[in-house]
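Notes to accompany the following structure.
Throughout, a chain's letter reflects where its sequence line sits, starting with A, and its residues are numbered from 1.
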Number of protein chains: 2
Amino acid sequence: MLKANKSCIERLYRYRNTLIKLKSIGFVKVFSDNLADGVGVPATQVRKDFSIFGLSGNKRGGYIVDELIEKLNHVLGKNKPVSIIVVGKGNIGSALVHYKGFEKEGIKIVAAFDVDPSKTGHTDDIPVLPTSELKGFVKQHNISVGIIAVPDAAAQQVADVMIESGIKGILNFAPIRLNMPEDIIIHHVNLELELETIIYFVNALNRKVKQEPKQWIEKN
Amino acid sequence: MLKANKSCIERLYRYRNTLIKLKSIGFVKVFSDNLADGVGVPATQVRKDFSIFGLSGNKRGGYIVDELIEKLNHVLGKNKPVSIIVVGKGNIGSALVHYKGFEKEGIKIVAAFDVDPSKTGHTDDIPVLPTSELKGFVKQHNISVGIIAVPDAAAQQVADVMIESGIKGILNFAPIRLNMPEDIIIHHVNLELELETIIYFVNALNRKVKQEPKQWIEKN
DNA sequence: TAGATTGTTAATCGATTAACAATC
DNA sequence: TAGATTGTTAATCGATTAACAATC
């Protein structure tokens with residue numbers, strides 16, 4: 001496959017989102033400049049990204065919206081829905097189960113898992129099963145993506161079971177590093193780290209304003 | 001200030017986390033190699049990061065754990081707790097309010113806000129106020145960081161009010177681009193995008209295995 | 001001292017951006 | 001045609017990594 005990194009794939013999804021909005025406004029064709037404005041990148045980035053995936057338009061004529069969406073759907077595998085699971089039915093896990101944003105992207109959480117028997121059951125619209133049933137469920141339903149939303153101390157163990165079960169991609173909310181085989185795709189959402197870095201830069205900004213009030217004000 | 005990007009700051013926090021763990025095991029001094037192993041980066045990266053912030057050790061002697069933690073605390077502003085707010089008391093907002101991971105990092109959510117009167121009140125341990133009171137609250141308590149956890153359609157408006165109120169840093173969970181003055185620090189957590197990219201790479205991996213079964217197996 | 005580790009300068013690498021020829 | 005836009009090659013930029021002198 002080609003040299004497409006995470007950022008590049010994210011941009012493709014954003015181009016697609018922009019295209020869908022533009023289509024809903026009535027656009028029939030777009031130029032790389034339009035997509036660039038919509039996503040906030042240079043037009044040359046758009047064309048570069050497209051060229052990596054052989055997404056071509058018409059010299060001088062831009063791109064046909066419908067065709068481009070269709071091609072992006074194909075590249076991004078958006079034509080068929082994907083079933084995923086969540087392990088951990090605490091604060092984060094519960095929020096994800098009820099989160100409305102996934103379904104419209106064709107992502108369906110089909111089951112949650114928790115070790116706490118008081119949390120398991122079928123009261124929600126999706127079942128909450130004991131974690132001991134994780135492996136069987138994943139194999140039976142051929143799940144390949146799962147979310148880890150358990151306490152730090154349990155995360156590695158859960159990850160191990162997931163991988164044993166055949167899961168290939170993991171979104172991990174536990175703020176620790178997990179040991180994984182190289183061929184497993186893992187992304188981390190580290191909420192405290194996100195906040196901490198924001199706080200750092202806000203503080204840095206404050207220090208800067210205080211230290212160099214003159215230049216700072218001129219520059220802004 | 002120096003050329004420290006988000007990744008670099010994140011690594012500093014990770015070094016600090018590793019140091020705290022090593023200290024709890026009884027380490028008194030560490031080498032850049034130890035920190036590198038703990039965080040999963042090359043040792044040269046560790047020393048480079050430190051040099052940017054003037055964090056020095058002893059040639060041949062490594063770094064004194066306590067001193068290094070203290071210096072990192074100073075650089076990262078971890079010596080005083082930070083109060084933040086959350087706007088939107090839906091799934092995500094509620095999960096964040098109850099999330100246990102912030103407090104140990106000195107981050108305290110002091111209030112949540114929602115437009116829905118049925119969600120406001122003081123039943124939780126932190127107050128949920130009407131969004132109309134956001135500006136007053138932020139000014140009164142001098143809050144500089146806030147989280148956006150409202151539906152997409154409301155996110156830009158909430159961001160505008162936050163900035164008017166004096167907030168300088170925002171963590172945004174709404175999967176849309178927000179227009180901001182340049183001096184506002186904004187980070188995005190886009191959950192659907194995280195899952196979508198994982199799904200993409202998992203699919204890409206599957207295709208690869210199917211297309212080049214021989215080389216693939218050899219390589220792994 | 002000899003060996004090990006730091007701190008920094010230089011090289012590499014990958015991604016972004018600019019330039020521009022192709023062409024509709 | 002002339003002008004505008006694509007697609008690609010080359011240049012730039014920033015971050016990571018390697019090399020190595022300094023030194024404890």
Side-chain angles (χ1 to χ4, degrees), chain A residues 1-15 18-19 22 27-69 71-72 75 177 193 197 200-201 204, chain B residues 1-15 18-19 22 27-69 71-72 75 177 193 197 200-201 204:
Chain A
M1 185 45 72
L2 304 122
K3 60 270 167 158
N5 58 11
K6 194 190 176 201
S7 305
C8 176
I9 301 301
E10 286 190 355
R11 285 194 300 270
L12 292 185
Y13 279 105
R14 290 186 211 275
Y15 300 144
T18 303
L19 282 163
L22 292 176
F27 275 48
V28 174
K29 64 180 188 181
V30 291
F31 303 116
S32 58
D33 247 330
N34 302 136
L35 292 171
D37 290 344
V39 173
V41 297
T44 181
Q45 175 85 274
V46 177
R47 298 199 298 275
K48 180 73 170 196
D49 289 337
F50 285 1
S51 85
I52 292 174
F53 289 91
L55 304 172
S56 59
N58 313 298
K59 297 246 158 139
R60 208 185 111 59
Y63 306 79
I64 307 296
V65 172
D66 279 330
E67 284 180 14
L68 190 48
I69 291 177
K71 284 179 189 168
L72 280 168
V75 166
R177 212 154 63 91
L193 203 49
T197 52
Y200 170 83
F201 284 110
Chain B
M1 183 44 71
L2 303 123
K3 59 271 167 158
N5 58 12
K6 193 189 176 201
S7 306
C8 176
I9 301 300
E10 287 189 355
R11 284 194 302 268
L12 292 185
Y13 280 105
R14 291 186 212 274
Y15 300 144
T18 303
L19 281 163
L22 292 176
F27 275 48
V28 173
K29 64 179 188 181
V30 291
F31 304 115
S32 57
D33 247 331
N34 301 135
L35 292 171
D37 289 345
V39 172
V41 297
T44 181
Q45 176 85 272
V46 177
R47 299 200 298 274
K48 179 74 172 194
D49 288 337
F50 285 1
S51 85
I52 291 175
F53 290 90
L55 304 172
S56 60
N58 313 297
K59 296 245 159 141
R60 208 186 109 59
Y63 306 79
I64 307 295
V65 173
D66 279 330
E67 284 179 14
L68 191 49
I69 291 177
K71 285 179 189 171
L72 280 168
V75 166
R177 210 155 64 91
L193 203 49
T197 51
Y200 170 82
F201 285 111

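Here the side chain of A:Lys29 pairs no donor or acceptor atom with the backbone of A:Asp66 at under 3.5 angstrom. With hydrogens and angles disregarded, a donor-acceptor distance shorter than 3.5 Å links the side chain of B:Asn34 to the backbone of B:Phe31.
Within the nucleic acid shown, A:Gly61 has no heavy atom closer than 4.0 Å to any nucleic acid atom. Residue contacts shown for A:Tyr63 are limited to sugar-phosphate atoms, with no base heavy atom under 4.0 Å away.
Counting to the nearest Å, the P atom of D:dT5 and the CD1 atom of A:Ile64 are 14 Å from each other. In this structure, A:Asp37 atom CG and D:dT5 atom C1' are separated by 15 Å, rounded to whole Å. Atom-to-atom, CZ of A:Arg11 to C1' of C:dG14 comes out at 12 Å; the value is rounded to the nearest Å. Spacing between atom NZ of B:Lys29 and atom C1' of D:dC24 amounts to 11 Å, rounded to whole angstrom units. Separating the CG atom of B:Leu35 from the P atom of C:dT5 is a distance of 13 Å, rounded to the nearest angstrom. What separates NZ of A:Lys6 from C1' of C:dT16 is a distance of 18 Å, to the nearest Å. The distance between atom CD1 of B:Ile52 and atom P of C:dT6, rounded to the nearest whole Å, is 17 Å. Atom CZ in A:Phe31 sits roughly 12 Å away from atom P in D:dG7 (whole-Å rounding).
OP1 or OP2 of D:dT6 lies within a sub-4.0 Å distance of a side-chain N or O belonging to A:Ser32. The phosphate of D:dG7 (OP1 or OP2) has no side-chain N or O of A:Arg47 nearer than 4.0 angstrom. Taking side-chain N and O atoms only, B:Asn5 has no distance below 4.0 Å to OP1 or OP2 of D:dG14.
Separating the CD atom in B:Glu67 from the CG atom in B:Asn58 is a distance of 7.5 Å, to the nearest 0.5 Å. Note that CG of A:Leu12 is 7.0 Å distant from CG of A:Leu55, once rounded to the nearest 0.5 Å.
Between B:Asn58 and B:Pro42, the residue anchored nearer the 5' end of DNA chain D, judged by the nucleotide with its closest heavy atom, is B:Pro42. Between A:Asp49 and A:Arg60, the residue whose closest nucleotide on DNA chain C is further toward the 5' end is A:Asp49.
With D:dT8, C:dT16, D:dT6 as the candidates, the nucleotide lying closest to the side chain of A:Ser51 is D:dT8. Closest to the side chain of B:Lys59, from the set C:dA19, C:dT6, D:dT6, is C:dT6. In the set D:dA18, D:dG7, D:dT6, the nucleotide with an atom closest to the side chain of A:Ser56 is D:dG7. Here the side chain of B:Lys48 is nearest to one of C:dT5, D:dG7, C:dT9, namely C:dT9.
A ring-centre distance under 6.0 Å is found for A:Phe50 and A:Tyr15.
Using Watson-Crick or G-U wobble geometry with both donor-acceptor distances under 3.5 Å, C:dT23 finds its partner in D:dA4. Partner assigned to D:dT9 is C:dA18, using Watson-Crick or G-U wobble distances below 3.5 angstrom.
Across all non-hydrogen atoms, the minimal contact from B:Tyr200 to A:Val75 is CE1-O, 3.5 Å.
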